[in-house]
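Before any comments, here is the structure.
Whatever order the structure lists them in is the order used to number ligands and atoms, beginning at 1.
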Amino acid sequence: MTDKYYTLAEGCPFASASTSVQVRRGQGVGGLGLLQDTQLIETLAHFSRERIPERVVHAKAVGAYGEFEATADCSDITSASFLSKAGKKSPVLLRVSTVGPESGSADTARDVHGWAMKIYTDEGNQDWVFNNTPIFFIRDPIKFPSVNRSHKRNPQTHLPDANMFWDFHVGNPEGIHQLLHLFSDRGTPASVRTMNAYSGHTYKFTKEDGSFKYIKIHIKATAGVKNFTREEATRIAGQNPDFLIQDMFEAIEKGDYPTWNVYVQVMDPSEAERYRWNIFDMTKVWPHKDFPLRQIGKLTLNRNPRNYFADIEQAAFSPSTMVPGFAPSADPILQARLFAYPDAARYRLGVNYQQLPTNAAKVPVYCPFQRDGFMRFDDNYGADPNYVGSSLKPTKFYPEVKSVQPKALSLLTEHEKWVGEVSSYESHVTDEDFVQPAALWEVIGREAGHQDRLIGNLAAHLKGVTSTKLRSEVYALFARVNKDLGSRLQQATEALVAGH
Ligand code: HEM
């Protein structure tokens with residue numbers, strides 16, 4: 001029983017929420033509706049409009065609140081306040097999703113899993129929009145819609161389509177490293193609580209003097225990584241398509257709070273010049289032996305959403321949401337993402353999406369040159385100037401915050417001097433692109449049965465490919481990683497195709 005009294009949306013008290021007004025003859029069922037029945041009209045009209053556009057990718061998700069605690073003073077590498085001293089805590093919102101399937105789909109489906117995290121710091125919001133894999137399928141952002149469509153539904157049959165999937169990847173083989181991850185055990189996490197996440201991209205930690213380090217972030221489950229086998233994931237998808245959501249909700253509800261340790265790999269710009277791997281190529285990792293992990297924090301989830309729509313569905317994350325001390329690198333995928341997410345949020349939630357409670361910073365926001373628009377629900381900066389450079393009421397700026405000032409530029413290394421031709425970049429795939437996948441195949445081999453499971457997962461998917469030519473091309477692609485992998489994959493797949 002709630003202690004609140006029912007009203008219409010405009011606040012007017014009303015006697016009943018379960019009877020429409022009708023012109024009636026006698027006592028039986030039957031009567032004409034009236035345009036004056038505002039309550040009925042509003043109830044139906046609002047229902048027809050209660051969906052907002054589903055995210056075009058990452059639609060199905062679980063979310064929760066918690067806190068990020070810095071475990072060290074990181075002021076030697078970043079000026080970010082939330083990392084300035086051990087023990088400093090900032091509230092967090094986390095949303096973990098599958099990528100391709102729709103909002104109603106099974107969350108144990110084999111897929112990359114997204115990790116979108118908003119850290120409400122004392123210098124505004126810091127979003128980490130990561131995945132549970134440290135690499136990505138592509139290195140040119142123009143391919144993003146294509147890779148996703150090839151993983152989603154066929155435009156004619158409206159069915160997931162193995163032909164489309166593998167046709168894309170054979171034609172764009174730079175994704176081989178990510179494919180190995182996806183079809184390994186890690187493609188089907190047993191719980192969000194036992195999943196790791198990675199920035200994938202190179203980002204920058206910056207300091208007020210303009211110096212910077214390249215970094216990659218790793219978030220590791222303290223409970224260790226646990227995954228389902230293909231058979232388990234498929235069975236659970238049928239029995240409980242919301243398994244991951246339920247698992248996390250119930251764990252938090254009973255006080256079994258999931259935790260992660262957060263690390264960075266740190267690279268000096270001078271090292272980037274000489275490094276074997278292009279640090280702006282998202283199909284590559286920095287091996288830990290070259291760049292060891294340094295712990296910067298700890299993450300705990302300890303509060304479930306009060307309302308899924310308000311807290312999680314309306315959440316908008318973007319790699320462009322950054323505090324001073326954190327900056328993007330020249331990874332072209334990241335550069336494109338800096339545009340794509342706020343653009344998606346303006347479409348999905350409206351131009352004032354930053355005002356929604358779940359997205360709002362927990363520090364005062366004063367951005368008077370961004371005004372008006374649909375669904376503005378604060379005082380819209382009242383009478384303050386809506387133009388820059390007012391001498392009548394000058395805008396105040398935080399003195400300690402510097403953007404890219406000339407002083408900072410003078411500290412840039414060769415690696416960040418962008419002078420060159422304007423041209424398009426053809427991403428040729430060479431043997432070098434198969435070196436890290438080959439190493440990953442070896443690592444997978446250290447765990448009993450994992451190589452067999454990976455081959456089984458691939459074969460189960462590949463058997464849906466109806467073109468023998470395309471299947472052969474896929475075997476050839478995996479044989480470039482490792483000959484044995486290629487031939488075992490061929491054997492396993494052809495046996496399934498033949499119905500053995
Ligand atoms: C060119 C490359 C990419 C583009 C254009 C792109 C674009 C998008 C778009 C449009 C959304 C939906 C956003 C919304 O409706 O609010 C999204 C969601 C997401 N993307 Fe990407 N993406 C790219 C690559 C990546 C990469 C490399 C990662 C991880 C390292 C990633 C992680 C995520 C996550 C976690 C979400 C879900 C965000 C949420 O929970 O609201 N994406 N992406």
(request) Decide, yes or no, whether a salt bridge links Glu447 with Arg453 under the criterion of side-chain N to carboxylate O below 4.0 Å. (result) yes
(request) Any pair with a residue in residues 346-367 that passes ring-ring contact (aromatic ring centres under 6.0 Å, His included), sequence neighbours left out, goes on the list, sorted by first then second residue, please. (result) Tyr366-Tyr381
(message) We want to know whether Thr358 and Asp311 form a side-chain donor-acceptor pair, criterion being a heavy-atom distance below 3.5 angstrom.
(response) no
(request) Note the single closest protein heavy atom to atom 40 (O) of ligand 1, along with its residue, its atom name and the distance in Å. (result) Arg95 NH1, 2.6 Å
(message) What protein heavy atom lies closest to atom 41 (O) of ligand 1? Include the residue and the distance to one decimal.
(response) Arg55 NE, 2.7 Å
(message) Among all protein heavy atoms in this structure, tell me which lies nearest to atom 38 (C) of ligand 1, with the distance rounded to 0.1 Å.
(response) Ala116 CB, 3.8 Å
(request) Using a strict 4.0 Å threshold on nitrogen-to-oxygen distance, state whether Glu67 and Lys89 make a salt bridge. (result) yes
(request) Determine, for Asp431 against Arg480, whether the closest basic-nitrogen to carboxylate-oxygen distance falls under 4.0 angstrom. (result) yes
(message) Check for me: within less than 2.8 Å of atom 21 (Fe) of ligand 1, which protein N/O/S atoms show up?
(response) Tyr341 OH
(message) Can you confirm whether or not the ring centre of Tyr214 sits under 6.0 Å from the ring centre of Phe212?
(response) yes
(message) For the residue pair Asp290 / Tyr275, report whether a side-chain donor-acceptor contact shorter than 3.5 Å exists.
(response) yes
(request) Give yes or no for whether the N/O distance cutoff of 3.5 Å, strictly under, is met between His201 and ligand 1. (result) no
(request) Name the closest protein heavy atom to atom 15 (O) of ligand 1, giving the residue it belongs to and the distance to 0.1 Å. (result) Arg348 NE, 3.0 Å
(request) Check each heavy atom of Phe136 against ligand 1 and say whether those closer than 4.0 Å belong to the side chain, the backbone, both or neither. (result) side chain
(request) Please confirm whether Met282 comes under 4.0 Å of ligand 1, counting heavy atoms of the residue only. (result) yes
(request) State the atoms of ligand 1, each with its element, that fall below the 4.0 Å cut-off from a heavy-atom position in Ile333. (result) 1 (C), 2 (C)
(message) For atom 29 (C) of ligand 1, what is the closest protein heavy atom, and at what distance to 0.1 Å?
(response) Asn131 ND2, 3.1 Å
(request) Just jot down the side chain to side chain donor-acceptor pair (under 3.5 Å) partners of His169, sequence neighbours excluded, or say none. (result) His151
(request) Tell me, please, which residues at least two apart from Asp242 pass side chain to side chain donor-acceptor pair (under 3.5 Å). (result) Lys60
(message) Within the 4.0 Å heavy-atom shell around Phe130, which atoms of ligand 1 are there?
(response) 29 (C), 30 (C), 32 (C), 35 (C)
(request) Considering heavy atoms of the protein only, find what lies nearest to atom 10 (C) of ligand 1 and give residue, atom and distance to 0.1 Å. (result) Ala344 CB, 3.9 Å
(message) Looking at Arg193 and Asp247, is any side-chain nitrogen of the basic one under 4.0 Å from a carboxylate oxygen of the acidic one?
(response) yes
(request) Identify the residue among Trp286, Tyr198, Phe130, Tyr263 that makes a ring pair (Phe, Tyr, Trp, His ring centres under 6.0 Å) with His218. (result) Tyr198
